[in-house]
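All chains are named by letter (A, B, ...) in the order of the sequence lines, taking the proteins before the strands, and each is independently numbered beginning at 1.
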Number of protein chains: 2
Amino acid sequence: MTTAKLNAAPRPLSKQRLRLWLRLLRAARGIEGELRERLRKEYAITMPQFDVMAALARKQGGMNMTELSRMLMVSNGNVTGIIDRLAAEKLVLRQAPATDRRSFIVRLTPKGASQFAVVARAHEGWVDELLADFDAAEADHLIEMLGGLASSSRGETQS
Amino acid sequence: MTTAKLNAAPRPLSKQRLRLWLRLLRAARGIEGELRERLRKEYAITMPQFDVMAALARKQGGMNMTELSRMLMVSNGNVTGIIDRLAAEKLVLRQAPATDRRSFIVRLTPKGASQFAVVARAHEGWVDELLADFDAAEADHLIEMLGGLASSSRGETQS
DNA sequence: GCCAGATACTTTAAACCTAAAATATTTAGG
DNA sequence: CCTAAATATTTTAGGTTTAAAGTATCTGGC
């Protein structure tokens, strides 16, 4: 093949990027929907609640509300309700730091940590299954390519 | 370098896929958030409303509610409210087909179509800007890789 | 013609989500 | 010390989202 891509219409690059964005959004929605459904059916937990617990599990020292909202890329007001519900289930607790009475540290309770460990194992298996099309090299490549996107588009690099 | 990737820990593939999923979700959320904010600020329209209008603009004959909910990958009950609000703004209309009184066809009004054309042009420019890191070859490659994901994970291939 | 099941849409309840305003507290300048 | 600005969180209003239940209509078997 000397003339590459006979069937590809000569779209402008912006159209191609739009197409890429639609694919990206569609893939994320599809996987997210499937994971959400399994979390609900098998463990009676919502995805946002799982996301918060995952963030807390990675930071042993706990996090305040602002850190949580930034890490999960959701609005700060939103985190309040999610933490309220997790706290009502005794999966997390709010801890007042001595120095700053405006904020507090959110931590997993022992119950929350052990429950999360169980759900996280299943979650990893589901993701492994849903992304089974990607071998190690493709996954690496894709991770690399997606790397810069999120950080550059929201906040971080505003001068 | 004879031994490739000295710094990459020898993670199991499932961990790598999990990492990929987190990147994918983060990228999608970041871009989506940025687009949502611009749609709201510059054109006073929500992203779901824009998504519905985009779907309708591509299908000249209009679509019914079920088709819309499947194309946008949102629940059917959800579409009702979005169409209600668009209809209140006279951007879409519900048209009763002669044959089936359970359903109806949703179409863009002329006002809706012309308004969408304006917003869509801006939207394409924003996506072009936000995905500027990708050249044509990378975009093609990524589109290809993401292609199978969405369809395989929700519904379509259930036997 | 009748009726069981399928299909199309809406409604409901609960959770999520954002932006903006409100509240409380801390910090820094004077 | 006092106060303006910054920071941390909650509250509010409006919209989005899902799953499940409800209503209306259609279809096919009899």
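Heavy-atom distances to DNA chain D give each of B:V79 and A:D84 a nearest nucleotide, and the one nearer the 5′ end belongs to A:D84. Nearest-nucleotide mapping onto DNA chain D: of A:R40 and A:R70, the residue sitting toward the 5' end is A:R70.
Between the CD1 atom of A:I45 and the C1' atom of C:dC16 there is a distance of 14 Å, rounded to whole Å. Across the protein-nucleic acid pair, B:I83 atom CD1 and D:dT17 atom P stand 12 Å apart, rounded to whole Å. If you measure from atom CZ of B:R29 to atom C1' of C:dC17, you get 11 Å, rounded to the nearest angstrom. The interatomic distance linking A:R36 (CZ) with C:dA14 (P) rounds to 19 Å, in whole Å. Protein atom CD of B:E32 is 17 Å distant from nucleotide atom P of C:dC16, rounded to whole Å. Following rounding to the nearest Å, A:F50 (CZ) and C:dC16 (P) show an atom-to-atom distance of 14 Å. At whole-Å resolution of the value, CG in A:L68 and P in D:dT10 are 11 Å apart. As rounded to whole Å, 13 Å separates atom C1' of C:dT12 from atom CG of B:N76.
Considering CZ of A:R23 and CD of B:E144, their distance stands at 8.0 Å, rounded to 0.5 Å.
Contact between the side-chain N/O atoms of B:R94 and the OP1/OP2 oxygens of C:dT10 is found at a separation under 4.0 Å. Phosphate contact (OP1/OP2 of C:dT10, side-chain N/O of B:T80, threshold under 4.0 Å): present. In this structure, A:T46 reaches the C:dC16 phosphate: one of its side-chain N or O atoms is under 4.0 Å from OP1 or OP2.
Comparing atom distances between the A:I82 side chain and each of D:dT10, C:dT10, C:dC16 picks out C:dC16 as nearest. For B:R85, counting side-chain heavy atoms from C-beta on, the closest listed nucleotide (D:dT10, C:dT18, D:dG15) is D:dG15. Comparing D:dT18, C:dT18, C:dA15 by their nearest atom to the side chain of A:N78 picks out C:dT18. Here the side chain of B:F104 is nearest to one of D:dT10, D:dT17, C:dC9, namely C:dC9.
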Inset, instruction - Assess whether side-chain contact (heavy atoms from CB on, under 4.5 Å) is satisfied between A:N76 and A:T66, documenting all intermediate values. - result: CA-CA 6 Å; A:N76 54 350; A:T66 301; 5.7 Å; no
Strictly under 3.5 Å: I want the nitrogen or oxygen pairs between protein and nucleotides 24-26 of chain C, one per line.
{"unit_1": "C:dT26", "atom_1": "OP1", "unit_2": "A:R101", "atom_2": "N", "d": "3.0"}
{"unit_1": "C:dT26", "atom_1": "OP2", "unit_2": "A:R101", "atom_2": "NH2", "d": "3.4"}

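Residues B:V118 and B:Q115 form no side-chain contact, since every pair of their non-hydrogen atoms from C-beta on lies 4.5 Å or further apart. When side chains are defined from C-beta on, A:F134 counts as touching B:M145, because their heavy atoms get closer than 4.5 Å. Using a 4.5 Å cut-off on side-chain heavy atoms (C-beta onward), B:L24 and B:L146 make contact. B:M71 has its side chain within reach of B:K59: a pair of non-hydrogen atoms, C-beta onward, lies under 4.5 Å apart.
At a threshold of 4.0 angstrom between heavy atoms, the contacts of A:G77 include nucleobase atoms, whether or not backbone atoms are also involved. Note on B:S75: a base of the nucleic acid sits closer than 4.0 angstrom, heavy atoms only.
By the 4.0 Å N-to-carboxylate-O rule, B:E32 lies too far from B:R36 to be salt-bridged with it.
Within a 6.0 Å radius of CZ in A:R94, more than 12 heavy atoms belonging to other residues, nucleotides or ligands are found. More than 12 heavy atoms of other shown residues, nucleotides or ligands fall within 6.0 angstrom of atom CZ in B:R38.
A:Q16 approaches B:A139 most closely through the heavy-atom pair CG-CB, 4.1 Å.
Listed by residue number, there are no residues of residues 59-67 of chain A with a heavy-atom contact under 4.0 Å to DNA chain C.
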